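Notes for the one structure printed next.
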Number of protein chains: 2
Amino acid sequence: MVRPTLKKQIPNLQEAIKETAWKQIAEFGATALSLRAIARELKITAPAIYNYFPDRDALVTALIIEAYASFGDYQLVARDSLPREKMAERLYAIGIAYRQWAIDFPQRYQLIFGTPIPGYQAPKMEVMPTAARSLSALVSVIDDLRVANMLQAENFPPVQPAFEEHFRIWKTYAGDYDISSLSVSMLVWSRVHGLVSLELAGNIPPHGADGAALYRYELNLITKQFIKENK
Amino acid sequence: MVRPTLKKQIPNLQEAIKETAWKQIAEFGATALSLRAIARELKITAPAIYNYFPDRDALVTALIIEAYASFGDYQLVARDSLPREKMAERLYAIGIAYRQWAIDFPQRYQLIFGTPIPGYQAPKMEVMPTAARSLSALVSVIDDLRVANMLQAENFPPVQPAFEEHFRIWKTYAGDYDISSLSVSMLVWSRVHGLVSLELAGNIPPHGADGAALYRYELNLITKQFIKENK
DNA sequence: AAAGTTTACTAAACACCGTATATTTACAGT
DNA sequence: ACTGTAAATATACGGTGTTTAGTAAACTTT
């Protein structure tokens with residue numbers, strides 16, 4: 001058999017490949033991703049995948065983009081579960097959603113922020129739109145705080161001219177907010193990312209607290225540090 | 001040729017294997033680590049490595065332990081460059097050293113905190129002593145602050161009973177300090193780790209600031225949040 | 001000094017991997 | 001019916017970690 005008849009072909013094989021990839025990533029981890037294993041499960045040969053993805057890296061990129069989208073959705077849903085004027089509560093809810101997604105899909109979090117695929121380097125320009133959008137919930141709430149004069153953000157280091165172009169593109173997708181909002185978002189992001197990634201790697205429990213409680217504590221510290229009373 | 005005469009043998013082949021591994025990690029990245037490549041460079045065959053390491057993972061573990069040791073040393077040197085009573089300055093210096101090591105050896109930082117080796121899972125109990133020691137500089141200074149009644153650490157979540165054993169072992173190597181010192185250290189660690197790992201992954205510049213400046217800003221925020229005046 | 005044992009390696013093979021090339025066949029358009 | 005293209009297979013190449021068997025050098029014991 002060389003080419004199966006249409007009836008025997010898998011409809012939308014491109015999607016099927018991605019789905020199988022996710023299934024295997026969830027089961028065996030992102031490091032075990034293998035085109036041949038995907039092909040085996042779909043009962044096709046490995047080179048057939050090359051009709052849909054030019055190489056393994058292209059498949060990984062597609063997966064990363066999907067993951068970012070789901071990640072961003074989680075946070076947007078959390079944000080929109082509260083009215084716009086409850087900014088501190090929204091920030092907290094986004095933070096909880098951030099960790100929840102990471103815990104629900106640890107392999108996807110690893111895929112995005114770790115380097116589990118040997119030799120893979122994410123093509124920045126391709127991934128950036130969805131990556132930037134995945135932080136848009138956070139940035140939008142921080143900017144609402146700024147507009148309400150409740151954002152504590154003094155003396156932030158300025159943008160480097162060399163990165164202005166990069167920065168401009170990023171704003172296109174994350175939202176065109178004030179620089180101070182973006183800077184604060186960056187720090188808030190780094191804090192939740194730090195705690196979540198240590199927890200996922202198994203580094204939290206030995207040091208004394210359960211992950212969820214310590215995380216909530218950190219969220220409150222973040223709130224205390226970056227939100228001030230409107231006066 | 002089957003067994004080379006003593007004169008032709010590489011003296012301390014175990015060390016030579018690790019050195020070659022580091023060289024290749026520095027050059028091609030941790031994901032590209034390959035027993036066969038190491039063997040090629042040393043002009044031996046790949047299975048010969050199995051005389052010194054039971055499998056690839058054992059070699060990786062040995063490398064991780066070496067990396068942790070070097071990482072810890074950097075921070076201890078930074079701490080000890082200042083007198084013990086200058087606690088805030090010591091904390092700042094350790095923070096700078098933390099990032100500096102990561103920037104000097106990005107591949108090693110990835111090796112420790114990322115998951116660059118397919119299928120590799122660090123054996124916690126084996127790695128913990130050196131891993132714990134790599135944070136001992138930080139913990140000791142935080143505890144000095146606590147003793148001086150300058151540590152802001154209210155209402156931290158308690159240790160979970162399930163992890164008390166784990167925790168006890170960890171204390172053996174990181175230092176037997178008060179639980180509040182360890183909790184604060186944990187949070188400080190997660191913050192610097194968050195920022196450093198985002199920067200290494202190339203996620204800082206697009207968002208507006210240069211890494212070093214943003215990092216110093218965050219160190220100051222950490223100081224502000226966890227150090228209070230002795231009164 | 002001879003004999004036996006252990007050590008440190010090589011050679012060959014296995015089962016994977018991503019990927020390139022050539023080939024075949026099903027289908028669509030003319 | 002003929003032709004061209006699309007979608008798959010078959011095959012092959014060079015890479016990986018690892019296992020097994022074999023061998024010679026070096027050491028230990030007698």
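Here is the naming used below: chain letters follow the sequence lines, and residue numbers restart at 1 for every chain. This one's a predicted model, so the numbers in the text were calculated from it and none came from an experiment.
B:S190 places no side-chain N or O within donor-acceptor distance of the main-chain N or O of A:G194, the cut-off being under 3.5 Å.
Residues A:A37 and B:I44 each lie close to DNA chain C; by heavy-atom proximity, the contact nearer the 5' end of the strand is made by B:I44.
Taking the ring axis of A:W22 as reference, the NZ or CZ atom of A:R108 stays within 45° of it and closer than 6.0 Å to the ring centre.
To the nearest angstrom, C1' of C:dC17 lies 19 Å from OH of A:Y120. Atoms CG (B:L33) and C1' (C:dC17) sit 17 Å apart, rounded to a whole Å. We find that CG of B:L35 is positioned 16 Å from C1' of C:dT10, with the value rounded to whole Å. One atom, CG of B:D57, and another, P of D:dT16, lie 17 Å apart when rounded to the nearest Å. Atom CG of B:L13 is separated from atom P of C:dT7 by 16 Å (rounded to the nearest Å). Taking atom CD1 of B:I17 as the reference point, atom P of C:dA8 lies 12 Å away to the nearest angstrom. Taking atom CG of residue B:L59 and atom P of nucleotide D:dT16, one finds them 14 Å apart after rounding to whole Å. Between B:Q14 atom CD and C:dT7 atom C1' the separation is 15 Å, expressed in whole Å.
Here A:Y74 and A:Y98 keep their ring centres 6.0 angstrom or further from each other. Checked against a 6.0 Å centroid threshold, the rings of A:Y109 and A:F113 count as neighbours.
The side-chain heavy atoms of B:M186 and A:L214, taken from C-beta on, include a pair separated by under 4.5 Å.
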Show me the protein contacts with nucleotides 20-22 of chain C, counting only N or O atoms at under 3.5 Å.
none

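In this model, the phosphate group of D:dA10 is not approached by any side-chain N or O of A:T45 to a distance below 4.0 Å at OP1 or OP2.
Listed nucleotides: C:dT19, D:dT16, D:dA8. Nearest to the side chain of B:R40: D:dT16.
Side-chain atoms of A:R36 come within donor-acceptor range of the base of C:dG18, with a qualifying N/O pair under 3.5 Å.
The pair B:D73-B:R133 counts as a salt bridge, with a side-chain nitrogen and a carboxylate oxygen less than 4.0 angstrom apart. Between A:R99 and A:E199, at least one side-chain nitrogen of the basic residue sits less than 4.0 Å from a carboxylate oxygen of the acidic one, meeting the salt-bridge criterion.
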